[in-house]
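Remarks on the structure that follows.
Nothing fancy with the numbering, it's 1 onward along the sequence. All values reported here derive from a predicted model rather than from experimental measurement.
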Amino acid sequence: LFIHILPPAEAGRSAEVYFSEQAQAGDPTFIDKIAHTQLWAQKSPGEFQPLKVHKAADRLRAYLPVSGSVAVVGECQYGVLKREVPFLLRYYPKAIAGKPEDLNRMRPRPDTPFEIMATVESERITLVALRNGVPIPGAVFTTVDADLVNEEISAGPDGRAAWKPPANGRYSIYTRYVTKEPGEPALHDQDHHKV
C-alpha cells in the first residue's frame, strides 16, 4: 500500500491509497481487500485526526485540509497469505507533503507499531524505521521512482539511513519487518510499511 497526498484543487485536497508497486493507481482487483484501511492526518506535531476513507474503483480516498503541511499514516491488516509457511500481512502506509521545516517536527503516531520517519535536510533525506517507537538497526529501505527503478539503502547500527534522491520527482519508499508469533496455525507477522 502507498499513500499519495494530492496537491490542492478546486474540490479541496485528498490523500489516495493505492495497492500498487508505487504511489499511483494500481490493480483494482484488490481494492475490496484494503477497503477497511484506517488513516490519520497530522497537521500539528503529535496531533492525529482520524480521516473518513472512501472506496473508489481503483483506490481509496480521504479528504484533507486544503492547505498546510501534513503527514498521513495508515493501518491495514491485509490478511493471512497461504504459502509454504502461512503469514499475516499488515501494511502501515504513510505519506508526507509540505515544507521541510514543518514535516521535520512531525511525530510518530504512538499507536502505530511500525512507521518510517523521514527528516528532510537540504538535498538529503534521513530515514528511520520504528518498531514500537524504537529504531531498527540495519533496516533496508527500497526506493521506487516513477519508472519503477529501485535503489536499496541500509540503515546503520543507529537505525538511520541517509538518501539523496537522484532527481526531482515523487518517490515511493518501503521497508519491512518480520516477526514470529503463534497463531492458528503458527503465523509469521510480516509488517510492511510504505511511504
List the atom pairs, donor and acceptor, that lie under 3.5 Å between side-chain atoms in residues 146-162 and the rest of the protein, sequence neighbours left out.
| from | atom 1 | to | atom 2 | distance (Å) |
| --- | --- | --- | --- | --- |
| Glu151 | OE1 | Trp163 | NE1 | 3.2 |
| Asp158 | OD1 | Arg160 | N | 3.0 |

- Task: Would you please test Glu16 and Leu60 for side chain to side chain contact (heavy atoms under 4.5 Å, CB included) and show each step?
- Result: CA-CA 5 Å; Glu16 294 188 339; Leu60 305 177; over 6 Å; no

Residue pair Leu39 / Ile3, side-chain heavy-atom distance below 4.5 Å: yes

Asp102 meets the salt bridge (Lys or Arg N to Asp or Glu O under 4.0 Å) criterion, sequence neighbours left out, with Arg105

Judged by atom type as modelled, is there a donor-acceptor pair below 3.5 Å linking the side chain of Gln42 to the main-chain atoms of Arg107? yes

The reported gap from OG1 in Thr142 to CD1 in Ile173 (rounded to nearest 0.5 angstrom) is 10.0 Å

Output for pair (Arg109 CZ, Glu47 CD), nearest 0.5 Å, gives 14.0 Å

Applied to residues 54-74, the ring pair (Phe, Tyr, Trp, His ring centres under 6.0 Å) test, sequence neighbours excluded, yields His54-Tyr63

Counting only heavy atoms not in Glu101, do more than 12 sit closer than 6.0 Å to its CD atom? yes

Practice problem: For the pair Val53 and His36, evaluate side chain to side chain contact (heavy atoms under 4.5 Å, CB included) and give the outcome as yes or no after the intermediate values. | Solution: CA-CA 8 Å; Val53 178; His36 62 279; over 6 Å; no

Can the ring centres of Phe19 and Tyr78 be said to be less than 6.0 Å apart? yes

Practice prompt. Could you tell me whether the side chain of Lys43 and the main chain of Ser67 form a donor-acceptor pair under 3.5 Å?
Written response: yes

**Prompt:** Side-chain donor-acceptor pair under 3.5 Å between His4 and Arg59, yes or no?
**Reply:** no

In short, Thr175 meets Ala139 closest at the heavy-atom pair OG1-CB, 4.3 Å

If you define the side chain from C-beta out and look only at heavy atoms, does anything of Phe114 sit under 4.5 Å from Pro108? no

Between the OG atom in Ser14 and the CG atom in Leu6, the distance rounded to the nearest 0.5 Å is 4.5 Å

Would Lys94 and Glu115 satisfy salt bridge (charged side-chain N to carboxylate O under 4.0 Å, His left out), going step by step from the backbone distance to the final call? CA-CA 8 Å; Lys94 182 177 181 179; Glu115 185 172 352; 2.9 Å; yes

Here the gap from Tyr91 atom OH to Phe2 atom CZ, rounded to the nearest 0.5 Å, amounts to 9.5 Å

Heavy atoms of Gly12 and Val66 approach each other most closely as CA-CG2, 4.2 Å

**Study point:** Worked verdict on Ile136 versus Tyr177 for side chain to side chain contact (heavy atoms under 4.5 Å, CB included)
**Key:** CA-CA 9 Å; Ile136 301 170; Tyr177 189 79; 3.6 Å; yes

Let me check something: do Ile5 and Tyr18 share a hydrophobic cluster, defined by ILVMFWY side-chain heavy atoms less than 4.5 Å apart, either directly or through other members?
no

Residues at least two apart in sequence or cross-chain that pass salt bridge (Lys or Arg N to Asp or Glu O under 4.0 Å) with Lys55, listed by chain then number, are Asp32

TODO: For the pair Ser69 (side chain) and Leu103 (backbone), establish whether a donor and an acceptor sit closer than 3.5 Å, ignoring hydrogens and angles.
DONE: no

One should read off an interatomic distance between Thr112 OG1 and Phe48 CZ, to the nearest 0.5 angstrom, of 7.0 Å

In this structure, CG of Asn104 is separated from CE of Met117 (nearest 0.5 Å) by 9.0 Å

Assess the residue pair Ile116 and Phe141 against the criterion (side chain to side chain contact (heavy atoms under 4.5 Å, CB included)); give the C-alpha distance rounded to whole Å, side-chain angles, the decisive distance to 0.1 Å, and a yes or no. CA-CA 10 Å; Ile116 294 175; Phe141 299 91; 4.0 Å; yes

Under 4.5 Å between side-chain heavy atoms, counting indirect links through other Ile/Leu/Val/Met/Phe/Trp/Tyr residues: same cluster for Met106 and Val72 or not? no

Practice task
Report yes if the side chains of Arg13 and Pro7 come closer than 4.5 Å at any heavy-atom pair, otherwise no.
Solution key: no

Sorted by chain and number, sequence neighbours left out, salt bridge (Lys or Arg N to Asp or Glu O under 4.0 Å) with Lys52 holds for none

By salt bridge (Lys or Arg N to Asp or Glu O under 4.0 Å), Arg124 pairs with (sequence neighbours left out) Glu121

Minimal heavy-atom distance between Pro135 and Leu130, with the atoms involved, is N-CD2, 3.6 Å

